[in-house]
Amino acid sequence: MTDTNTMTTNFIKNIINDHRRINRFDSRVHTRFPPEPNGYLHIGHAKSICINFGIAGDYAGLCNLRFDDTNPTKEDVEYVESILEDVRWLGFDWQERLFYASDYFEELYQCAVQLIKNEKAYVDDLKADEIREYRGTLTAPGKESPYRNRSVEENLDLFRRMREGEFEDGARVLRAKIDMASPNLNLRDPVLYRIQHARHHRTGDKWCIYPMYDYAHPISDSLEKITHSICTLEFEDHRPLYDWLLDALGVYHPQQIEFARLNLSHTVMSKRKLRQLVEGGYVSGWDDPRMPTISGLRRRGYTPESIKDFCDRIGVAKANSFVDRAFLDHCIREDLHLKAPRVMAVLRPLRVVIENYPEGSVEMLDAEYNAENPELGSRQMPFSQVVYIEQDDFMEDPPKKFFRLAPGREVRLKHAYIIKCERVVKDEQTGEVIELRCTYDPDTRSGMSPDTRKVKGTLHWVSAEQAVKAEVRLYDHLFLKEHPEEDANFTTNLNPNSLEVLTGCMLEPVMTGAERGTRYQFLRHGYFFVDPLDSQTGALVFNRIVSLKDSWAKIQKNKAQK
RNA sequence: UGGGGCGUAGCCAAGUGGUAAGGCAGCGGGCUUUGGUCCCGCCACUCGGUGGUUCGAAUCCAUCCGCCCCAGCCA
């Protein structure tokens, strides 16, 4: 992993540096990550998590984890549990500072009472659609509710009775008394509390009125003595309300700062759309390895380090942006490059018989796990008369620059010998190549010195007799289009080939013991993860995390386009 | 047509009056028992456009253009 984070700067850090220069907030830095438990976290949330916990770490400050659980009808403990797991998995520690907005319901209520007493809030009897009408439009000012000038006593009484459950859902709301003519719609007497006779996942039936985000959030930040309340751009318009409320209450006042949320190419990021993919059966669940959710990336085999590195390197700014998926791929390849043992796996086997190799004899060849990281050690690989190679590594009539196996041509089998293709055996019916008859040069075993000849191609292979069968799942972009959300019905852009399941894959015998949740490089293919749920000893299942870069495939693709 | 933001390479992004960092992608070459990695080189005479201020402007001013967000009793 690169160590760019400590050197990178961004506009948020610039603001914080300014604050520290003038000793604002006593030079403290205290952030918070405030998810609503109404869905699973995705990589966009990871960006926010990394910013909030990262900045706290950079300035020796603190970062709280706080659930913004103010809407019981949409939230659930299933989500809070998954969120806790995801943040923890990413490697962040909120220590003893796990909070819930619902912990503050009583304080929030008392603050509302104070606003009423100061004639800064009132109970409105208008119905939802009436409030909408009274709000006006983007260009026309709104008009004041007929209930706007009730007495403090009446407001206090009504608000208390709202809490006590005297009224039906939607019968009344508590509103801030600000300015119905404000060009900022958020200031046109925003709703602070609504009546919802709903059971809350933490407070149960204690409450039947629930605070709105715009009301609960600033006060929660204030109570926690947050210094920098970092959120996404769409809340920029809400900042005047955030500031108004805290000023109206005369309480500790954090600074809200907004940044642009992350968009990733070839996928969708909104909770609503991700939910649609799950509920529509387009994917197997929130943790489907094709999903951009934290749980999906984890199931796929991405490391927390690679995700953090990615988040650190994409930067933080206010311009809307679309980060290329290729950059995420780059980050995981870089992370696994030295970490992952490199082993042989033949995904689409082609049988090769080495005619001059003594039948029935097996020799063990030494093979290091990672030539660039000797610490990973080595293992023994059996070599025998019958091996499998990749179907793609043989062509009967190869093009110019193909330097793999072809009739009459030689290649090296990595860690073993140079072999020559003598004959091609085909299925009499279909004409399909079903076996290669080859010879080997016994003087070319790896490690022998002097090395005999140089050949252009080196192939991976597996000895047939000892091979371990496995299932391998190859993943590709979930969507064909770079920006699938451009179309109203984004599901039409789904990639029909985003998952390919290969069942007859042949692995070298050392892989028998591959443990769930571990990562390997399959030589010349990519990085693979032993599926933590589906893999069994004797029935191994691998997820492709990311392929290796493949310049041969690129050449082929460019040629095909011409 | 109200308000709030944002425009630096194909994609991110630094840059805060002194002459355009870095990464990804791409292209060319070297090395290579992974067509991987690694190494070397190329890739913005110009910062949305146009005027202006200045010895000097991506940075300041004016004006125009483009894109995003806001009319939930969601967050």
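By convention in this document, chain letters (A, B, ...) are assigned in the order of the sequence lines, proteins followed by strands, and residues within each chain are numbered from 1.
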Quick tally for nucleotides 20-32 of chain B: nucleotides whose base has a protein heavy atom under 4.0 Å get B, sugar-phosphate-only ones S, the rest -, giving ---SSSSS-----
Sorted by chain and number, sequence neighbours left out, side-chain hydrogen bond (donor to acceptor under 3.5 Å, both in side chains) with Y242(A) holds for D221(A)
Holding to salt bridge (charged side-chain N to carboxylate O under 4.0 Å, His left out), I want the full list of residues that pass it with [X], two or more places apart in sequence or in another chain.
X       : answer
R544(A) : none
R272(A) : none
D69(A)  : none
E258(A) : R239(A), K318(A)

The nucleotide from rG2(B), rU34(B), rG72(B) with an atom nearest the side chain of R524(A) is rU34(B)
*Of the nucleotides rU33(B), rU1(B), rG15(B), which has the atom closest to the K414(A) side chain?*
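Minimum distance to the K414(A) side chain belongs to rU33(B).
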Restricting to pairs with a member in residues 363-372 of chain A, which pass salt bridge (charged side-chain N to carboxylate O under 4.0 Å, His left out), not counting sequence neighbours?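 Residue pairs passing salt bridge (charged side-chain N to carboxylate O under 4.0 Å, His left out), neighbours aside: R342(A)-E372(A), E363(A)-R445(A).
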Within residues 233-245 of chain A, the residues having a heavy atom closer than 4.0 Å to RNA chain B are E234(A), F235(A), E236(A), D237(A), H238(A)
4.5 Å side-chain heavy-atom contact, C421(A) and V411(A):
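A side-chain contact under 4.5 Å is absent here.
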With sequence neighbours left out, the residues meeting ring pair (Phe, Tyr, Trp, His ring centres under 6.0 Å) with Y417(A) are F383(A), Y440(A)
